[in-house]
Amino acid sequence: MLETPETRYAQSGDLSIAYQSVGRGPPTFLFVPGFVSNVELMWDVPWINRALERLSAMGRVVFFDKRGTGLSDRTLGSGSAEERMDDLRAVADAAEVDDAVLVGLSEGGPLALLFATTYPERVRALVLWGTFARLLDGPDYPSIVTTETADQFIDGAVKAWGTGRALRNFVQHLPDDAATDRAMARYEHQTATPKVVREILFHNTRMDVRAAQPAVQVPTLVIHRLDDPLVPIDNARVMTAAIPGARMVELPGDWHVNGRVGAEDEVFDLIGEFITGGERGTSESVDRVLSTVLFTDIVDSTTRAMTAGDRSWRALLERHDEAARREIEQFGGRFVTRTGDGLLATFDGPGRGVRAAQTIVDSVKPLGLEIRAGLHTGEIERRGPDVAGIGVHIGARICGLAGPNEVLVSNTVKDLVMGSELEFADRAVHELKGVPGSWQLWAAV
């Protein structure tokens, strides 16, 4: 039995994120938990204690409570996928994790996918356990999980929260006795409130991180139970097929997570074989990454240049560039290049990209300029200081469709910031020149 380690805090923006570290590496396992957690109470739950014991026998284990749950700050709700990934990055920074075996369980899987593709140089290998890239049925994504069934499940979980019976929807085969109910009721009370439970589950069922799948460039192991009652195995199969070189192991079992001590030992056996048999998939020079690209363009720039004259127009462009670069840096972005009378920048989170675009629109208005902006999140290629790839082309095409002072985004951007304060207006479905398929676009408002 392991001793409970000290709880520490990582700073993620205005929030404090609770985390613990146990064992010694290398390797270091960066464990992204599922639905809810409490880093101190986890040690009192026998099957969780067993899981931490098995992982820490193989190396150092760093794990945390996501915002809104456990011992982490609960003041800003559960957050978007991007914000929760930021919390993971803050924990990795605080715990000095730079070469992680990233393990995402259930809800933790999409966040692990985002982290592994946004910061590939910090990830040695990826384990996706009982998880998904998208859960809910959609026009381009058949799934037996529908909006109606998901909402019914959420209602049942919220209604039972605090009784000790709610978590049995997520953890099967727990002992069916009063003592276990009391222990689970305590765990429910100290991990989240019913309101946050509803918010988290709503966001989880609507989460869609499929854009990250083709950008994975580390060895990836997918582990899934054949009869998982929460995440259908077909969802995991589709995810595996979209991740380059991923290996999937389908295990017998009718549970999402098993509450019987030792029942998941075969999962940890597989993880142990995976990390000792696989080679590191990234190099010091990473050329593919999941990123948000921002294009801007000055409206009616040709007319303005002819009216102002060359010297005045150059001076105005310099002031435009200065204002735009300032906002890009303010929101953690990277200026890539000027594009005629606009610019190209990249961000490691779509929310920061949207906010930067909005402030650039406002900051150049006093100069008498109107700009249009377009954003897309997808796989890009880094070629020294420049970027390329289909994700870049999509961002450019979206920018070209934006109106004056409009920030237009792809559906991928909108999905990844769901749960933030950002709001969007429908701008219909469009064909993008040179890009296959139809694209739903949205205007940030």
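- With sequence neighbours excluded, the residues satisfying side-chain contact (heavy atoms from CB on, under 4.5 Å) with Y141 are R134, S143, R210, N235, V238.
- With a 4.5 Å cut-off on side-chain heavy atoms, W255 and N258 count as touching.
- Across all their heavy atoms, S410 and T377 have their closest contact at OG-N, 4.1 Å.
- In this structure, E83 contributes its side chain and S80 its backbone to a donor-acceptor pair below 3.5 Å.
- Between R165 and the options L167, N169, T163, a side-chain contact (heavy atoms from CB on, under 4.5 Å) holds for only T163.
- Using a 4.5 Å cut-off on side-chain heavy atoms (C-beta onward), Y9 and Y19 make no contact.
- In R8, the CZ atom is not crowded: 12 or fewer heavy atoms of neighbouring residues, nucleotides or ligands sit closer than 6.0 Å.
- When all heavy atoms of P252 and L226 are compared, the pair lying nearest together is CA-CD1, 4.1 Å.
- Residue pairs that meet the salt bridge (Lys or Arg N to Asp or Glu O under 4.0 Å) test with at least one member in residues 414-423, sequence neighbours left out, are R355-E421.
- Between F268 and W129, the distance separating the two ring centers is shorter than 6.0 angstrom.
- Checked against ring pair (Phe, Tyr, Trp, His ring centres under 6.0 Å), H430 has no partners two or more places apart in sequence or in another chain.
- Pairing each heavy atom of S106 with each of H256, the nearest pair is OG-NE2, 2.7 Å.
- Looking at heavy atoms from C-beta onward, T359 lies in side-chain contact with F331 at the 4.5 angstrom threshold.
- A salt bridge between R89 and D93 is present, with a side-chain N of the basic residue lying under 4.0 Å from a carboxylate O of the acidic one.
- L111 and M85 get closest at one heavy-atom pair: O-CG, 4.2 Å.
- Although no hydrogens or angles enter the test, the distance criterion places no donor-acceptor pair under 3.5 Å between the side chain of T346 and the main chain of V293.
- Salt-bridge check for R225 with E264: passed, with a basic side-chain N closer than 4.0 Å to an acidic carboxylate O.
- For the residue pair T131/E107, the side-chain donor-acceptor check at 3.5 Å is not satisfied.
- Classification of the W161-F35 ring pair by plane angle, with boundaries at 30° and 60°, yields perpendicular.
- Ionic pairing of R237 and D234 is present here: one or more N-O contacts between side-chain nitrogen and carboxylate oxygen are shorter than 4.0 angstrom.
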> Would E431 and S438 satisfy side-chain hydrogen bond (donor to acceptor under 3.5 Å, both in side chains), going step by step from the backbone distance to the final call?
Replying inline: CA-CA 5 Å; E431 303 291 327; S438 299; 2.7 Å; yes

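- Considering only heavy atoms from C-beta on, D254 stays 4.5 Å or farther from P229 through its side chain.
- M239 and A133 make their closest contact through SD-N, 3.6 Å (heavy atoms, listed as atom of the first residue, atom of the second, distance).
- Residues D426 and L441 form no side-chain contact, since every pair of their non-hydrogen atoms from C-beta on lies 4.5 Å or further apart.
- Heavy-atom minimum distance, M58 versus G272: SD-CA, 3.4 Å.
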>> Could you walk me through whether D87 and S12 satisfy the side-chain hydrogen bond (donor to acceptor under 3.5 Å, both in side chains) test, starting with their C-alpha distance in whole Å, then the side-chain angles of each, then the deciding distance to 0.1 Å, before giving a yes or no?
In response: CA-CA 5 Å; D87 298 344; S12 180; 2.6 Å; yes

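- No hydrogens or angles considered: a donor-acceptor pair under 3.5 Å links the side chains of R60 and S21.
- With hydrogens and angles ignored, the 3.5 Å screen pairs no side-chain donor or acceptor of T69 with any backbone N or O of D65.
- In this structure, R325 satisfies the cation-pi test against F335, with its NZ or CZ atom closer than 6.0 Å to the six-membered ring centre and inside 45 degrees of the ring normal.
- Looking at heavy atoms from C-beta onward, M418 lies out of side-chain contact with L422 at the 4.5 angstrom threshold.
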